[in-house]
Amino acid sequence: MKTTRHAKIIEIINKYDVETQEELTAYLEQSGYPVTQATVSRDIRELKLTKVSLRNGRQKYAATDVSRQEMPSKYIRIFKEGFRSMDTAQNILVIKTESGMAMAVAAALDAMECREIIGSIAGDDTIMCAIRTTEEASALMKRLRKMTGI
């Protein structure tokens, strides 16, 4: 649950200008993650989030560059925990996940910067990724299988 919550936090702060722990708590609760302020505070510390200034003088949470080296392993762990299977249909990669994990796994894929992926759509337990070419879809699938140990 913690790793999926962490992935959701990263997704939220990338999507919204979250200024306070209270706002982050509200977004998490709207997303189905009932949390306390203490949990959010601990998550912020563990994710090494920092506040950055916006053009309008306000601030928002952001992932620090320092944690960038640690993040790939965190995202790989999220991918592995949520992954069930995958297959291709020409240049479309379809990934099956544990129920409720598709959004977290898709966010992890985005964070892992899989350059072959043009875009993805995540539901509850399925992700559809549009890949540039059939060859790149096969190569990405092979790389992801190696990462999961399949």
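In this chain, numbering begins with 1 at the start of the sequence shown.
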Would you tabulate the side-chain donor-acceptor contacts of residues 118-125 under 3.5 Å, counting partners in other chains and residues two or more places apart, or write 'none'?
{"from": "Asp124", "atom 1": "OD1", "to": "Gly100", "atom 2": "N", "distance (Å)": "3.2"}
{"from": "Asp124", "atom 1": "OD2", "to": "Ser99", "atom 2": "OG", "distance (Å)": "3.1"}

Of all the heavy-atom pairs spanning [X] and [Y], show the shortest one and how long it is.
X      : Y      : value
Val35  : Glu29  : O-OE2, 3.3 Å
Gly32  : Pro34  : O-CD, 3.3 Å
Glu46  : Lys2   : OE1-CE, 2.7 Å
Thr97  : Thr126 : OG1-N, 4.3 Å
Asp17  : Glu23  : O-OE1, 3.7 Å
Ile127 : Ala106 : CD1-N, 3.6 Å

I'd like to know if Glu19 pairs up with Lys51 as an ion pair, taking the criterion as any Lys NZ or Arg NE/NH1/NH2 lying under 4.0 Å from an Asp or Glu carboxylate oxygen.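 Salt bridge: no.
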
Is any NZ, NE, NH1 or NH2 atom of the basic residue among Arg5 and Asp43 found under 4.0 Å from an Asp or Glu carboxylate oxygen of the other?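 Salt bridge between Arg5 and Asp43, a charged N being under 4.0 Å from a carboxylate O: yes.
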
Is there a side-chain contact between [X] and [Y], using heavy atoms and a 4.5 Å cut-off?
X      : Y      : answer
Arg84  : Met101 : no
Leu140 : Cys114 : yes
Ile10  : Tyr75  : yes
Ile78  : Thr3   : yes
Phe83  : Val105 : no
Leu93  : Met86  : yes

Who passes side chain to side chain contact (heavy atoms under 4.5 Å, CB included) against Thr36, sequence neighbours left out?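 For Thr36, the residues satisfying side chain to side chain contact (heavy atoms under 4.5 Å, CB included) (neighbours in sequence not counted) are Ala38, Thr39.
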
Checking Ile13 against Lys60 for the side chain to side chain contact (heavy atoms under 4.5 Å, CB included) test, could you report, in this order, the C-alpha distance in whole Å, the side-chain angles of both residues, the deciding distance, and whether it holds? CA-CA 8 Å; Ile13 66 168; Lys60 74 171 203 155; over 6 Å; no

Ring pair (Phe, Tyr, Trp, His ring centres under 6.0 Å) contacts touching residues 26-60 (sequence neighbours left out):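 For residues 26-60, and leaving out neighbouring residues, the ring pair (Phe, Tyr, Trp, His ring centres under 6.0 Å) pairs sorted by first residue read Tyr16-Tyr27.
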
Mind running side chain to side chain contact (heavy atoms under 4.5 Å, CB included) on Glu98 and Glu81 for me, showing each step along the way? CA-CA 8 Å; Glu98 297 292 333; Glu81 287 179 8; over 6 Å; no

Walk me through it: do Ile131 and Ile92 pass the test side chain to side chain contact (heavy atoms under 4.5 Å, CB included)? CA-CA 6 Å; Ile131 312 295; Ile92 304 293; over 6 Å; no

Taking atom [atom1] of [X] and atom [atom2] of [Y], what is their separation to the nearest 0.5 Å?
X      : Y      : atom1 : atom2 : value
Thr20  : Gln37  : OG1   : CD    : 10.0 Å
Leu24  : Tyr61  : CG    : OH    : 7.5 Å
Thr88  : Glu136 : OG1   : CD    : 13.0 Å
Cys129 : Glu116 : SG    : CD    : 10.5 Å
Asp87  : Met141 : CG    : CE    : 5.5 Å
Leu28  : Ile9   : CG    : CD1   : 5.0 Å

Please determine, by modelled atom types, if Gln90 and Thr134 share a side-chain donor-acceptor pair under 3.5 angstrom.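 No donor-acceptor contact under 3.5 Å links the two side chains.
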
What I want to check is whether the side chains of Ser85 and Lys96 have a donor and an acceptor closer together than 3.5 Å.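 Short answer, no.
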
Is the backbone N or O of Arg115 less than 3.5 Å from a side-chain atom of Arg132, with the two atoms forming a donor-acceptor pair by type?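 Between the backbone of Arg115 and the side chain of Arg132 there is a qualifying donor-acceptor contact (under 3.5 Å).
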
Between Phe79 and Leu109, is a side chain to side chain contact (heavy atoms under 4.5 Å, CB included) present by the stated rule, with each step listed? CA-CA 7 Å; Phe79 183 83; Leu109 279 172; 3.9 Å; yes

Is Leu144 reachable from Met103 through a run of hydrophobic residues whose side-chain heavy atoms are each under 4.5 Å from the next?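 Result: no, two separate clusters.
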
